[in-house]
Structures are given as structure tokens and as C-alpha cells.
Amino acid sequence: MPELPEVETTRRGIAPALLERRVVEVIVRERRLRWPIPASLESVLPGQIVRRIERRAKYILIRFDAGTLILHLGMSGSLRVLKSDVRPELHDHWDIRMDTGMLLRFHDPRRFGSLHWTEFDPRLHPLLVKLAPEPLTQRFDGEYLFRLTRKRAVAIKQFIMNSQAVVGVGNIYASEALFRARIAPRRAARRISRTQAHLLARAIKDVLTEAIKIGGTTLRDYVNAEGTPGYFRQRLFVYERAGELCRVCKSPVKRFVQGQRSTYWCPACQH
DNA sequence: ATGGGCACCTGGCTGC
DNA sequence: TGCAGCCAGGTGCCCA
């Protein structure tokens, strides 16, 4: 999926077309996402006005007076703002039509995305309530990371991808942050030094912030609300660069599998 | 509690 | 051309 920068780019992209606008119709073509789309949506949403659009981890929260839509893009999901007369294509699973003649359209070939509705505080929703701090806040820093990693035997790469440790760091930015912090991805979390914890927290913040600035990373499916890709791919140091030369030391970038996910790293730079 | 593996899906690419 | 096998921005759940 889209990781935090792509979700944030999407959030910012859809907001102008939706804020303070009224929903006129919800059209669901395929209810079978990761969880079935609630049957109540088509009756609950029309007439409601979008009040705020927020992000928590990789979830986008669309707040109305009556409740909140909680949506996730999964691995291949994207949201676009289009004119209401644009014909849906394969894998365009739902639309929310606004009173402006525009619509919000969800496209997701793999259907790992999801859409929930809650009338309660969305931060207390079962999917959100146990999430770790946001990486781009002060609560997440080197001391936090150092403290949390003590006694953890799991590899540091899997640790920073665990949403109960820190949210928003997916497979691309985990490899990239570890490269920037010069930490080997297989190192046990409890074996990173305090200095390394500080470097890693800094690297995570930096890589996510830089990626947001240029609209995220597009590998395959991802497009922003205007349908255009993100350009951070050109700035990747290791991800999907196995066999190519390290941009820092010119030795070959390596790939291996960790927890069923590809990890990319430079064995010469990272220890 | 922690860690590991599986499952959910479709589609693109490679190699025979 | 066809087809098998592998790979892909995620994450909840089950098991040891």
C-alpha cells in the first residue's frame, strides 16, 4: 500500500473538494473489501456535510456530524476526485457523490482496502485504539524508540513496521530509514544502541517528511487525488535496487526476505 | 507477552 | 500462446 506519505498526500489531495460539502449519494459496486462495506452507508451518508479530514496511521478519517468514515487503502487502493459523469472502470468499488458535481472514487484491484462507519470517537475504534504514536510527532523520538526496543528480540526492521511500536512505516520506508541510520535490518531491536535509536528516529521522520513533500512513492498502482504519481521513487537509496550500486559507497545493494517481505540494504554501509 | 506464519485478492512479469 | 511460479506500498488473526 501506500505508506504514510502516500496516505497523507491522498488526504491533502481530497480535502479541498470535500470540506464543508454535502454528500448526495453513495454508490457501492463491490462490497467485498477486506471487510464488507456496511449496508447502512447508502442511507446514512446522503445529506451529511464533511467537517474534517484527518489521518491516523495509514487510515483516513472523514468526519461528519453524525459519525466518521474510516478508510484504508490496503496494498493497491487509491482515491481520486473526479467529475460525477466520469464512467467507473474495473475495480472502482465505490463513489461518494457530492453536491458540487464531483465525486470521491475508490479504486483497489486487490481489495485489501476497507471502509468503516462509526458514530463514536474513531480513535477508540478497535482498529485504531491500540496504535502506537505518530512518527511525525514529538512523542516519537530516539528515547522512546530506545526504551521500547529494550528486551525485544525481533529484527529492527520488523520492529519499526509494527504498528504497536510506531505507525506509518511500511516496507519501503523501513528499508530506507535503516539505510539512512546505517543500521543492519537483521539486527535485534534490543541490540541497537541509544545513539542508533536516535539516528533511526531521526531517519524515520526525515524520510517520511521528504516523501510527503514530493507526493510519496509510486511503484505500481499509487496515484494521488488528481491521478498523478509520487516522485520519491527517484530518491530511494535501496528499495527495489538489488544488484545496483549503493549511492553512497558503490558496493552492490542486496535483497533478502524477512517476515515474508523483501528487505533491501547495503551490507557495506549498514551494521 | 512475543514472534512467526497465514490469509485475504488481482495482476504483472519471467521463464519454460 | 499458455501456464506455472514469483512478486507486489498491509495487517488482522491464530498458533506455539
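Letters A, B, ... are given to chains in the order of the sequence lines, protein chains preceding strands, and every chain is numbered from 1.
Ranking dG12(C), dG5(B), dA8(C) by closeness to the Arg255(A) side chain, first place goes to dA8(C).
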Inset, instruction - Kindly express the pairing pattern of DNA chain B in dot-bracket notation, using | wherever a base pairs with another strand and counting only Watson-Crick or G-U pairs under 3.5 Å. - result: .|||||||.|||||||

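Comparing Pro109(A) and Lys151(A) along DNA chain B, the residue whose closest nucleotide (by nearest heavy atom) sits nearer the 5' end is Lys151(A). Annotation: of the two residues near DNA chain B, Ala155(A) and Arg110(A), the 5′-most nearest-nucleotide partner is Ala155(A).
Relative ring orientation between Phe232(A) and Tyr173(A) is described as tilted, the plane-to-plane angle lying within the 30° to 60° band. Using a 30° and 60° split on the angle between ring planes, Phe106(A) and His93(A) fall in the tilted class, from 30° to 60°.
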Inset, instruction - List the steps, then state whether ring-ring contact (aromatic ring centres under 6.0 Å, His included) holds for His125(A) with His116(A). - result: CA-CA 10 Å; His125(A) 189 278; His116(A) 287 89; 5.2 Å; yes

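Between the side chain of Arg111(A) and the base of dT10(B) there is no donor-acceptor pair of N/O atoms closer than 3.5 Å.
Between Ser262(A) and dA8(C) there is a side-chain N or O to OP1 or OP2 distance below 4.0 Å.
Taking a centre distance below 5.5 Å and an interplanar angle below 30 degrees as the stacking criterion, Phe112(A) does not stack against the six-membered base ring of dT11(C).
Contact check on Arg63(A) versus Glu54(A) returns a salt bridge, with a Lys/Arg side-chain nitrogen under 4.0 Å from an Asp/Glu carboxylate oxygen.
Within the nucleic acid shown, Arg152(A) comes within 4.0 Å of sugar-phosphate atoms alone, with no base atom in reach, counting heavy atoms only.
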